[in-house]
Amino acid sequence: MKLNTKIIIMVAEIALIPWVVGGLLAFFSAQEQLNASTYMRLDSLATLQKTYLQDALKNRLDTFELIAGSSRAIGLMRDFNASPTVANKRKIQDLIETPGKAPHIKRVFIATNEGVVIASSDPAVLGAHIQGEDYFKRGLKANDESVLRKETADTVVQYIAGPLMQDGRIEGVAVMVVDADDIVSVSRDFSGLGKTGETLLIEKYNGDSIRFITPTRFNAHTALSLVVKSSEVDVPAEHAVAGEEELFANLTDYRGVKVFAVTRFISSVGWGIVVKIDRSEAYAPIQQLQDLFLVIIAIVALLIVVITAVISRVITRPVNVLIAFANKIAQGDLSQSIVISSKDEVGELAVAFNTMATRLHESYTTLEKKVAERTNELAEKTAEARNSEAAALNIAADLKDEEEKLAEEKTKAEELANDLKKFKLALDNASDQVTITDPEGTVVYANAAVERITGYTPEEAIGKKSGALWKSPMPPEYYKSLWHTIKERKETFIGEIENKRKNGTLYTAAISISPVLDNDGNVVFFVGLERDITKEKEIDIAKNEFISLASHQMRTPLTAINWYTEMLLGGDAGKLSVKQKEYFTEVYNAGRRMNEIIKAFLHILRLETGTQVKNFLPTDLVAIASSVTNELKLEAGKKKLKVVEKYEKPSLSVVTDADLARVIVQNFVSNALKYSKEGGEVVISLGSVAKGSSIAGTLIDRDSFLVSVSDSGIGIPEDVREKIFTKFFRADNAKVLDPNGNGLGLYMTKIMVDIIGGTVWFASKEGEGTTFYLLLPKEATTKVV
Ligand code: ADP
C-alpha cells in the first residue's frame with residue numbers, strides 16, 4: 001500500500017473514531033432515553049387501562065351481585081325448584097322485569113340448573129336451553145364475567161353469569177348481558193400512542209390460540225374475530241395472556257411488525273392487555289438523528305480524506321523523489337544527486353541520501369578497483385597454479401619417463417654387461433693385440449695377444465706407458481704425427497710401426513689407434529690394435545723386390561725394342577713401305593705404353609714401399625700449377641682447349657713435398673685435357689679456403705689451400721664414382737674417347753695425396769664436365785705409411 005493511502009487511512013481513522021464513537025454514544029444514549037420514555041408512557045397507559053377495566057368489571061359484577069345475590073331471587077328460585085309451577089315461575093319473571101335496572105344492561109335471565117331459561121327480561125330467550133353455553137357452565141360454578149359475544153357486527157356484549165346459591169345449594173343460574181362497548185372502547189383510545197400505537201385486549205381461545213377481544217387500530221371489524229395461533233409468532237399478546245406483566249422492546253406483533261410493548265393481565269377474566277407502539281415510530285426521532293449523524297460523518301470523512309490527501313501529497317512528494325533516487329541507486333546509478341530544498345526531516349534525509357550516494361559511489365569505485373585487482377591476482381594465481389600443475393604433471397610425466405628410461409637403461413646395462421663379458425672374452429682371445437690406454441698413454445687394458453706378440457704379460461703391461469713398453473725405434477716426427485692425429489684431430493691413426501719385444505727383437509706391426517670420446521668430445525681412452533706383420537712385410541718386400549727387379553729387367557729389352565723401332569722408322573735400315581711404317585709405328589707406341597706402365601709400376605712400388613724420397617719443404621703451389629699448365633699448353637693447343645688459370649695470389653706457400661704435389665696437379669690437368677672435347681675449357685684455380693666452409697660436399701676442417709682443375713669434358717658416370725681411385729680402373733666413356741690410358745694415374749694420385757697429408761675428391765656430371773680438388777692444410781702434417 002502506498003504511503004499516501006496509508007496516511008489517508010490513518011488520519012481518517014484517527015479523526016473519524018471520536019466522531020463515530022461520540023455519535024454512537026449520543027445515539028445509544030438517545031435510544032436509551034427514548035426507550036425509557038417509551039416504556040414509561042406505554043407502562044402508564046397500560047396501568048391506566050388495566051385499572052379502568054378492572055373498575056368496569058367490578059362495577060358490573062357488583063350490579064350482577066345485586067341480582068344473583070338477592071335472597072328474594074334465590075328464594076323464588078328455591079320455591080320454583082321445589083314447585084315448578086307457572087305461578088312460581090311468574091314470580092321470578094316479575095322480579096326480573098322490575099324496573100330500575102341499569103341502562104347498559106341488555107337483558108337479564110335466569111335458568112334452571114339444567115340450563116332452561118325460565119325467566120328473562122327479554123322474552124326472546126325465554127324457554128331457551130343454554131346448558132351448552134360456556135357462560136352457563138362457568139356461571140354454574142361461580143360468578144363469571146369473562147364471556148364476550150358479538151351481538152351485531154359492531155357491538156359486543158358481555159355475559160355475566162353466576163349461581164343463585166344459598167347455604168351451598170345452587171337453585172339456578174342468573175345471567176346478565178351487558179353492553180361491552182366501554183370495554184371494547186379501550187382500544188379506541190389512541191392518546192399517547194402516536195400513529196401506530198394501540199391497546200389490545202385479548203383472551204385465550206380454544207386452548208392454543210389467542211382471540212382479539214377489541215378491534216385493532218388498523219381494522220375496526222376485528223373485535224372477537226381475529227384469532228392467531230399463539231405458537232406461530234412471539235407476539236406480545238401471548239405474553240399478556242400468559243399472565244406476564246412485562247416491557248418488551250423487540251417483539252413482533254400480529255402484523256409481523258417490530259414493536260415496543262407493555263403487557264398486563266386481568267386475572268379475574270383471564271384477559272391480557274397489550275399496549276404497544278411500532279419501533280419505527282418510537283425511534284423516529286433518533287432515526288432522524290442517526291441519518292443526520294451519518295450525513296455529518298460522511299461529510300467529515302470526505303473532508304478528512306481530501307485534506308489528508310493534500311497534506312500527504314505534500315509530505316510524500318519529496319519521499320517519492322527519495323524513493324526514485326533510492327531506486328536509481330539500487331539500479332547501480334550512483335552518479336545522481338537529489339535536490340530537495342525543504343529544511344525538514346525529508347530535506348535532511350535528502351542530504352543524507354546524497355552523502356550516502358557519494359560514499360557509495362566512492363566505495364563502489366574502490367570496490368571495483370579492488371575486485372579488479374583481486375581478479376587479476378586470482379587470474380595470476382590460477383595461471384601459476386595451472387603452470388605448477390602443468391609443471392607437476394610434466395615432472396610426474398618426466399619421472400615416469402625417467403623411471404621407464406632407468407628401467408630400460410638397467411635392462412640395457414644388464415644386456416651391455418652380458419655383451420661386455422662376451423666382448424671381453426672375445427677381446428681377451430683376439431689374435432690381434434688390443435690395448436686400451438688412458439688419455440696420457442698409460443695402459444689400462446691389454447689382452448692375451450699382447451703377451452704373444454710382445455712377450456709382456458697383460459699384468460706387466462697394465463699401468464705402464466705404452467711408449468716405454470715397446471721402446472719403438474721410430475723417428476720423433478712419427479710420434480709427433482701420431483699424437484697430433486689421435487689427440488688433437490681426434491682421428492684414428494693408421495700406420496706401421498717398428499717395435500721392440502721384451503726379449504729385445506724388433507718386429508713390424510700394423511697399428512690402428514682410435515680415440516674414444518665422451519659426449520663433450522674429450523678423449524677418454526685410446527684403443528690400440530696391433531698386428532704383427534713382420535712376416536707379411538718380409539714377403540711384401542721380397543715380392544716388391546722381385547717386381548722391381550722384373551721391371552728393371554723388362555726395361556732393358558724394352559728400351560732396345562723402342563730404340564731399334566725408332567731407327568727402323570727413321571729409315572736407318574732402308575726405306576719402309578707404307579704398311580711397314582704403319583706397323584712399326586704401332587710397335588713403337590705399344591713399346592712406349594709398356595714403358596710408361598713399367599715406370600708407373602716402379603713409381604707405385606716406391607710409393608707403396610715407402611722408398612720414395614720425400615722432402616717436406618716450403619713450396620710455392622702457384623709456381624707448380626703454372627709450370628704444369630705451361631708444359632701441357634701444347635697438348636691443349638692440339639685440342640683447341642682454352643686453359644684458364646686463377647690464382648688467389650701470385651704465390652701461395654705451404655710445407656709439402658714439391659715433387660709429389662707436382663705429379664698430383666699434373667695428373668689432374670692431363671686428365672682434364674685428355675677427357676675434354678675439342679674447343680672446351682680447362683680452369684686451374686688456386687686459393688685458400690677457411691675452416692668450416694664446404695666445397696662440393698666436402699667439409700673443410702682446417703684452414704687450407706685448395707687446388708681445383710675443372711673441365712667441360714665427358715664427365716664421370718654416376719655408377720662408377722666409387723671406383724675412380726682404384727688400380728687400373730677406367731670408365732667406359734673414357735675408354736671410348738682415349739683408348740691409351742692405363743687407369744693408374746688417379747690410383748697413384750690418391751697414395752701421393754695421403755703421403756702429403758692432403759685430401760682429394762671430385763665433382764662431376766656426365767657429359768658436362770668434371771672438377772678435381774686437392775686440399776692441403778696450411779699447417780702441413782705428414783702421414784707415415
Ligand atoms: P687413365 O687416365 O690413364 O685412364 P687415370 O687413373 O688417370 O687413368 O684415370 C682413371 C679414370 O678416371 C679414367 O680412365 C677416366 O675414366 C676417369 N677420369 C679421370 N679424370 C677424368 C676427367 N677429367 N674427366 C673424365 N673422366 C676422368
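Both counts, for ligands and for their atoms, begin at 1 and track the order of listing. Note that the coordinates shown come from a computational prediction; the quantities given were computed from them, not determined experimentally. In what follows, residues are counted from 1 in the order of the sequence shown.
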Backbone N/O of I598 and side chain of S551: donor-acceptor pair under 3.5 Å: no
Within 6.0 Å of NZ in K464, more than 12 heavy atoms from elsewhere: yes
Contact list for residues 765-776, test side-chain hydrogen bond (donor to acceptor under 3.5 Å, both in side chains), sequence neighbours left out: S710-T771, S764-T770
Side-chain touch E498/Y507, heavy atoms, less than 4.5 angstrom: no
Within the 4.0 Å heavy-atom sphere of ligand 1, strictly under, residues: N671, A672, K674, Y675, D711, I714, G715, I716, I724, F729, R730, A731, A734, G741, N742, G743, L744, G745, L746, T770, F772
Pair F762 + F668: ring centers closer than 6.0 Å: no
Under 3.5 Å: donor-acceptor pair, side chain of N447, backbone of V434: yes
